[in-house]
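Worksheet: the structure to be examined is printed underneath.
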There are 2 protein chains.
Amino acid sequence: MQKSNKVSEAVIRRLPKYYRYLKDMEKNGVQRISSRELSDKMGLTASQIRQDFNCFGGFGQQGYGYNVSELCNEIRKILGLHKNYNVIIAGAGNLGQALASYVGFERECFTIKAMFDVNPKLIGLSIRGIQILDIDTMRDFIINNDIHVGVVCVPKNKAQEVTDAMVECGIKSIWNFAPIDVGTPDNVAVENVHLSDSLYTLAYKMNEI
Amino acid sequence: MQKSNKVSEAVIRRLPKYYRYLKDMEKNGVQRISSRELSDKMGLTASQIRQDFNCFGGFGQQGYGYNVSELCNEIRKILGLHKNYNVIIAGAGNLGQALASYVGFERECFTIKAMFDVNPKLIGLSIRGIQILDIDTMRDFIINNDIHVGVVCVPKNKAQEVTDAMVECGIKSIWNFAPIDVGTPDNVAVENVHLSDSLYTLAYKMNEI
DNA sequence: ATGTAATCGTTAAAAAAATAACAATGCATA
DNA sequence: TATGCATTGTTATTTTTTTAACGATTACAT
């Protein structure tokens with residue numbers, strides 16, 4: 001029943017949020033939920049929720065609602081979180097280390113295989129069992145270890161260069177934290193995370209209120 | 001010439017991106033730019049750029065384009081980045097420390113005044129000159145130090161509680177990194193940053209390609 | 001000084017997204 | 001087993017957002 005029409009970016013951006021709420025409910029033993037209840041919890045409209053879910057097929061049942069764990073599983077699959085991904089982090093500075101220490105990712109399907117840096121003081125250290133290696137060895141490591149995701153935590157002026165190296169070695173997605181929009185070929189997914197953008201938006205809102 | 005009509009969320013979310021590109025151009029000595037050139041650089045349409053800027057008034061000149069540093073300044077003001085903000089960070093774990101170490105924020109208008117934690121091993125330490133204090137002293141600190149922004153980097157189950165404390169002590173905006181949507185009263189701005197949402201979106205895209 | 005090309009601001013049109021409406025369906029209860 | 005109620009899936013409507021079009025204005029070259 002999967003609709004083959006292209007799913008809009010707006011819907012995709014909401015999927016992780018649904019997943020977050022559903023996972024939480026599942027953990028708390030909630031077995032069923034209606035679009036109405038979910039809309040109250042999440043601050044969306046019930047109509048939007050039903051439309052969103054219907055992009056992927058009918059997960060609910062009339063007169064009943066949605067089975068929480070079933071729905072949660074479906075969304076997990078849609079997002080691709082039922083698979084396993086090998087991850088490396090380029091740049092073992094504060095942010096790189098913070099991401100490496102974040103247990104949440106491991107609990108899902110992402111396994112951080114190594115970190116890379118240029119700093120000799122960092123090379124050789126381990127963060128939560130994840131080794132920091134010389135960035136000169138990154139290319140070989142990617143090629144030999146079936147790495148799917150490259151996290152970019154290097155300074156702005158090295159971000160595109162590091163990204164290019166990852167892409168050349170066959171990485172299929174880039175999660176970039178450098179404060180610049182890195183580019184990739186069409187067949188390599190990229191998420192440019194701009195923490196400062198979010199802070200600036202907050203400044204705007206704070207002054208508007 | 002400021003339009004008083006409410007500016008849409010979509011436009012506001014693009015402002016920091018404009019700011020980022022313009023600041024960069026200014027630093028590189030670019031003096032003028034047309035909506036067309038900017039659209040090429042940023043991957044937007046020229047039409048959208050002109051419309052966005054016109055929400056706030058006419059910053060350009062026909063036949064010429066926009067003066068980069070003038071435009072950059074205007075956007076800085078619109079975002080409220082010409083003011084100064086005092087910031088505290090609740091939670092001095094890896095992410096809290098990473099944010100504290102991020103020089104970029106200091107270079108703008110945000111001054112991190114202190115960090116707070118429950119962990120006795122962390123209390124008393126300093127990160128880049130920023131002291132880590134006992135979280136029990138946070139309320140008094142906020143009240144006595146004119147704090148504008150509260151950054152929440154505590155575990156999920158403490159996030160709302162810490163937010164509430166901040167709000168009660170008069171903080172005007174919350175930048176939350178805990179993996180839960182914290183709520184605030186209407187007169188307190190909030191940005192819930194969900195790093196994992198971005199990673200999950202990346203997983204989706206990677207599988208879709 | 002004049003004409004041409006460039007480019008904005010603004011209005012109009014198109015596309016996308018969100019919301020509302022409602023018929024169809026299955027659950028729950030008597 | 002039959003009836004009513006709840007709730008979905010889906011279609012229609014409204015709203016928002018994006019894109020296109022174009023007249024007005026200015027820089028720049030001749």
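These numbers come from the heavy atoms of this one structure, side chains and all, not from hydrogens, waters or symmetry mates. Throughout, protein chains are lettered first and strands after them, A, B, ... in sequence-line order, and every chain is numbered starting at 1.
The nearest whole Å value for the distance from the CZ atom in B/Phe59 to the C1' atom in C/dT7 is 17 Å. With rounding to whole Å, A/Phe53 atom CZ is found 12 Å from D/dT8 atom C1'. In this structure, the CZ atom of A/Arg13 is 13 Å from the P atom of C/dA17, given to the nearest Å. Distance CG (B/Asn54) to P (C/dC8): 10 Å, rounded to an integer number of Å. Atom CG of A/Asn67 and atom C1' of C/dG26 are 15 Å apart (whole Å). The nearest whole Å value for the distance from the CD atom in B/Glu70 to the C1' atom in C/dC8 is 14 Å. B/Asp52 has its CG atom 15 Å from the C1' atom of D/dA20, to the nearest Å. One interatomic measurement links the two molecules: CZ of A/Arg50 to P of D/dA12, which rounds to 16 Å at whole-angstrom precision.
One can find a donor-acceptor pair under 3.5 Å joining the base of C/dT11 and the side-chain atoms of B/Gln51. Under 3.5 Å, the side chain of B/Ser47 and the base of D/dA20 form at least one donor-acceptor pair of N or O atoms.
Side-chain atoms of A/Asp197 never come within 3.5 Å of backbone atoms of A/Thr201 as a donor-acceptor pair (strictly under, hydrogens ignored). Panel note: side chain A/Asn28, backbone A/Val30; no donor-acceptor pair is recorded below 3.5 Å. Side chain of B/Gln160 to backbone of B/Gly183: a donor-acceptor contact under 3.5 angstrom is found.
The stretch residues 25-43 of chain B comes close to DNA chain D through B/Arg32, each having a heavy atom under 4.0 Å from the strand.
Within the model, atoms CE of B/Met115 and CG of B/Leu99 stand 8.0 Å from one another, a figure rounded to the nearest 0.5 Å.
When the local axes at the two ends of the helix from C/dA1-D/dT30 to C/dA30-D/dT1 are compared, using 5 base pairs at each end, they differ in direction by 20° after rounding to 10°.
Taking the six-membered ring where tryptophan is involved, the planes of B/Phe110 and B/Tyr85 are essentially parallel, since the angle between them stays under 30° and well short of 60°.
A salt bridge links B/Arg14 and B/Asp52; the closest N-O separation between the charged side-chain nitrogens and carboxylate oxygens is under 4.0 Å. Salt-bridge annotation for B/Asp24 and B/Arg20: absent, with no side-chain N of the basic residue lying under 4.0 Å from a carboxylate O of the acidic one. A/Arg13 and A/Glu9 are joined by a salt bridge, as a carboxylate oxygen and a charged side-chain nitrogen come within less than 4.0 angstrom of each other.
At the phosphate of D/dG9, neither OP1 nor OP2 sits under 4.0 Å from any side-chain N or O atom of A/Gln62. For the pair A/Tyr66 and D/dG9, the criterion of a side-chain N or O lying under 4.0 Å from OP1 or OP2 is met. Between A/Arg14 and C/dA18 there is a side-chain polar atom (N or O) within less than 4.0 angstrom of OP1 or OP2. OP1 and OP2 of C/dG26 both lie 4.0 Å or more from every side-chain N or O belonging to A/Gln61. Distances shown here put every side-chain N or O of A/Thr45 at or beyond 4.0 Å from the OP1 or OP2 atom of C/dA18.
Side-chain contact between A/Leu15 and A/Ile78: present, with at least one pair of heavy atoms (C-beta onward) separated by less than 4.5 Å.
Relative to the six-membered ring of B/Tyr64, B/Arg32 meets both conditions, a distance below 6.0 Å and an angle of at most 45° to the axis.
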